[in-house]
Novice: 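Sharing a structure, written as structure tokens. Questions coming.
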Amino acid sequence: MDKFLKREKEFQELDRISKMLIRRDLVLTELREKREKELEELREKTITLEKSRIALMNILEDVEKARNLAETEKNKTSAIFENFPEGLIFFDKENKISSINSKVQELFHLKEKKIRLIGQNIKDLKNYFSLIPLIEILGEEIKVFYQKILLIKTNLILEVSVIPVFTKERENKGKLIILRNVTREKNIERLKTEFVSIAAHQLRTPLSAIKWTLRMILDEDMGKINGEQRGILEKTYQSNERMIKLINDLLNVARIEEGKFLCKLQKQDIVKVLEEVFILFEQTAQKKGLKFEFQKPEEKLPEIKLDVEKISLAFHNLIDNAVNYTDSGGEVKIAIENLTEQKQILISIADTGIGIPIEKQDRVFNKFFRGENAMREETEGTGLGLFIAKNIIEALHGKIWFESKENNGTTFYCAFPC
Amino acid sequence: MSKILIIEDDKFLRELIVRKLIQEKFEIFEAIDGEEGLKKMKEAKPDLVLLDLILPNMDGFEVLRRMKEDISLAQVPVFILSNLGQREDIEKGLKLGAVDYLVKAHFTPNEIIEKIKVVLK
């Protein structure tokens, strides 16, 4: 029995152990599975991490590329800036030099190293003697302007422009100064004008001789002439006068193009100036059988700054056209009024003449323009009168325009601020 | 009889104006350049000078300047008779003391003589 019991116990023990073993095995399996799962997760995480790393590397690479690109761009821009054939200075918002190219140093014979110029305020640049004329034209505030001519010395003429620089977002970055060496162009222009002036002057001498001779013959200083001779000589005299007029016009055009047609401004009564020109044409208009009128304003007009000689020439040309291109029986009416609301003085010169063909109207103020109908009618014109008139009126801050219909007449208007 | 000195380098122009002036009973002296003009001025003591501007040797502006520096000549009225007609030339001439500035191509001999007569009266 004992033995049996003992055995029984042993079995029980064995069973317990085996159960325990099984349980342990179970736990172990569970553990293993858990670990494997963890491992799996770890592996997945590693992959993600690896992916992130690659992504990060890519980003870094892109940044590097962008940086290189920016660097290249910057180098390109500064190379363009540096090698630009015109002098360039870039002032930042505080009017300090931010960039300057070698051309500027060359133009002004600046020995100072560029790096030492950068960061200097325009006010401090006065220390560089050769830069003074430039600083004077720019002003301490660096005003914006376009294509001003700056004479540095006889063999150096610059055309200076100041351009404000804005980003796409309209942020003000500063101002760019562009210095163009126009010495050669200006010299050619000067030579051309000088040539025209000299040629015109040289032509005037023989023309004076012809004028004086014809006049003396016509005045019968050298004996009597018959009617036929007088007729022909009168016409010759008039041809010569036309030639003298053409030369005067050419000289005026040369002066306008030279920019030398300077205005001597003085406060003037424009009504009086216009009336004086009007009077000059009264006789011609009467002879031609034109109704010729001058409508003066009732009240006194404010005086405006004018160059009497030049504005008289402009009015002369306008009235001359009106009288010339209007046939007998027609009408030329000159009026002047004060448009108080617009603060303007308006002058109109209206004729009932041949008019300007519509297809030619946009060329009216061009040099040597002449309407075909005008050329048929009247051979005298030089085609310079309106060009000269426009240049004079605009130099005096006025405006000129016209309305015209072929065979119906033309009205020229000029307006001056007052 | 008033004495007039004409300083003009163009022979034909000079002849024409001289002919006209003689008809008008003036006593005429002629010079073809600035230097000769100044010399004749001192000798002849003219009542009026007709002065061209573009002249060989010494130009008309210089003649005028020297006249004004010379007490014996400073009071002699001068008419500039030139074909330079730009405002600067005219202003320069008048500033230097010319009585009038006539552009040759713009005046007939009669008109010039009328102006001379007014000054000499």
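Atoms considered below: every heavy atom in the structure, side chains included; atoms not considered: hydrogens, waters and symmetry mates. A quick note: this is a predicted structure, and the numbers were derived from the prediction, not measured. All chains are named by letter (A, B, ...) in the order of the sequence lines, taking the proteins before the strands, and each is independently numbered beginning at 1.
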Novice: Does E228(A) have more than 12 heavy atoms from other residues, nucleotides or ligands lying within 6.0 Å of its CD?
Specialist: no

Novice: Determine whether more than 12 heavy atoms belonging to other residues, nucleotides or ligands lie under 6.0 Å from atom CE of M243(A).
Specialist: no

Novice: Got a second to check how far F12(B)'s CZ is from I210(A)'s CD1, nearest 0.5 Å?
Specialist: 9.0 Å

Novice: Report the C-alpha separation of K20(B) and D221(A) in whole Å, then their side-chain angles, then the decisive distance to 0.1 Å, and conclude whether the side-chain contact (heavy atoms from CB on, under 4.5 Å) test is met.
Specialist: CA-CA 8 Å; K20(B) 194 79 191 172; D221(A) 284 2; 2.3 Å; yes

Novice: Nearest 0.5 Å, what's the OG-CD1 distance between S208(A) and I17(B)?
Specialist: 10.5 Å

Novice: How about CZ on F195(A), more than 12 heavy atoms from neighbouring residues, nucleotides or ligands closer than 6.0 Å, or not?
Specialist: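 Counting neighbours around CZ of F195(A), 12 or fewer heavy atoms of other residues, nucleotides or ligands fall under 6.0 Å, so no.
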
Novice: Of the backbone (N, CA, C, O) and the side chain (C-beta and beyond), which part of N83(B) lies under 4.5 Å from a heavy atom of chain A, both, or neither?
Specialist: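 Its backbone and side chain both get close to chain A.
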
Novice: Heavy-atom distances under 4.5 Å only: say whether I244(A) touches chain B with side chain, backbone, both or neither.
Specialist: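 I244(A) touches chain B through side-chain heavy atoms alone.
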
Novice: Can you establish whether the number of heavy atoms outside Q75(B) located under 6.0 Å from its atom CD is more than 12?
Specialist: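 No.
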
Novice: Which atoms of E91(B) come close to chain A, meaning under 4.5 Å heavy atom to heavy atom: side chain ones, backbone ones, both, or neither?
Specialist: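 E91(B) touches chain A through side-chain heavy atoms alone.
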
Novice: Would one find more than 12 heavy atoms of other residues, nucleotides or ligands at under 6.0 Å from atom NZ of K45(B)?
Specialist: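 Atom NZ in K45(B) is crowded, with more than 12 foreign heavy atoms closer than 6.0 Å.
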
Novice: Can you tell me how far the CD1 atom of I112(B) sits from the CH2 atom of W212(A), to the nearest 0.5 Å?
Specialist: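 I112(B) CD1 to W212(A) CH2: 4.0 Å, rounded to 0.5 Å.
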
Novice: What do the steps show when you test E309(A) against I90(B) for side-chain contact (heavy atoms from CB on, under 4.5 Å), and what is the final call?
Specialist: CA-CA 13 Å; E309(A) 187 194 326; I90(B) 297 174; over 6 Å; no

Novice: Using 0.5 Å steps for rounding, measure from the CG atom of D52(B) to the OG1 atom of T205(A).
Specialist: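 The CG atom of D52(B) sits 7.5 Å away from the OG1 atom of T205(A).
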
Novice: Quick one: CZ on R19(B) to CE on M216(A), what's the gap to the nearest 0.5 Å?
Specialist: 5.5 Å

Novice: Tell me whether I71(B) at atom CD1 has more than 12 heavy atoms from other residues, nucleotides or ligands lying less than 6.0 Å away.
Specialist: no

Novice: Give me the atom names and distance for the closest heavy-atom approach of K211(A) to F107(B).
Specialist: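 Scanning both residues, the minimum pair turns out to be CE-O, 3.4 Å.
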
Novice: At a 4.5 Å cut-off on heavy atoms, which part of N240(A) comes close to chain B: side chain, backbone, both, or neither?
Specialist: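 Neither the backbone nor the side chain of N240(A) comes within 4.5 Å of chain B.
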
Novice: Measure L53(B) against the heavy atoms of chain A and call it side chain, backbone, both or neither at under 4.5 Å.
Specialist: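 Contact with chain A: none, neither part.
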
Novice: Tell me if the CD atom of Q147(A) is crowded by more than 12 foreign heavy atoms within 6.0 Å.
Specialist: yes

Novice: Is R204(A) in contact with chain B via its backbone, its side chain, both, or neither, using a 4.5 Å heavy-atom distance?
Specialist: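 Both parts, backbone and side chain.
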
Novice: What do you reckon, is NZ of K3(B) surrounded by more than 12 foreign heavy atoms closer than 6.0 Å?
Specialist: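 Counting other residues, nucleotides and ligands, NZ of K3(B) exceeds 12 neighbours.
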
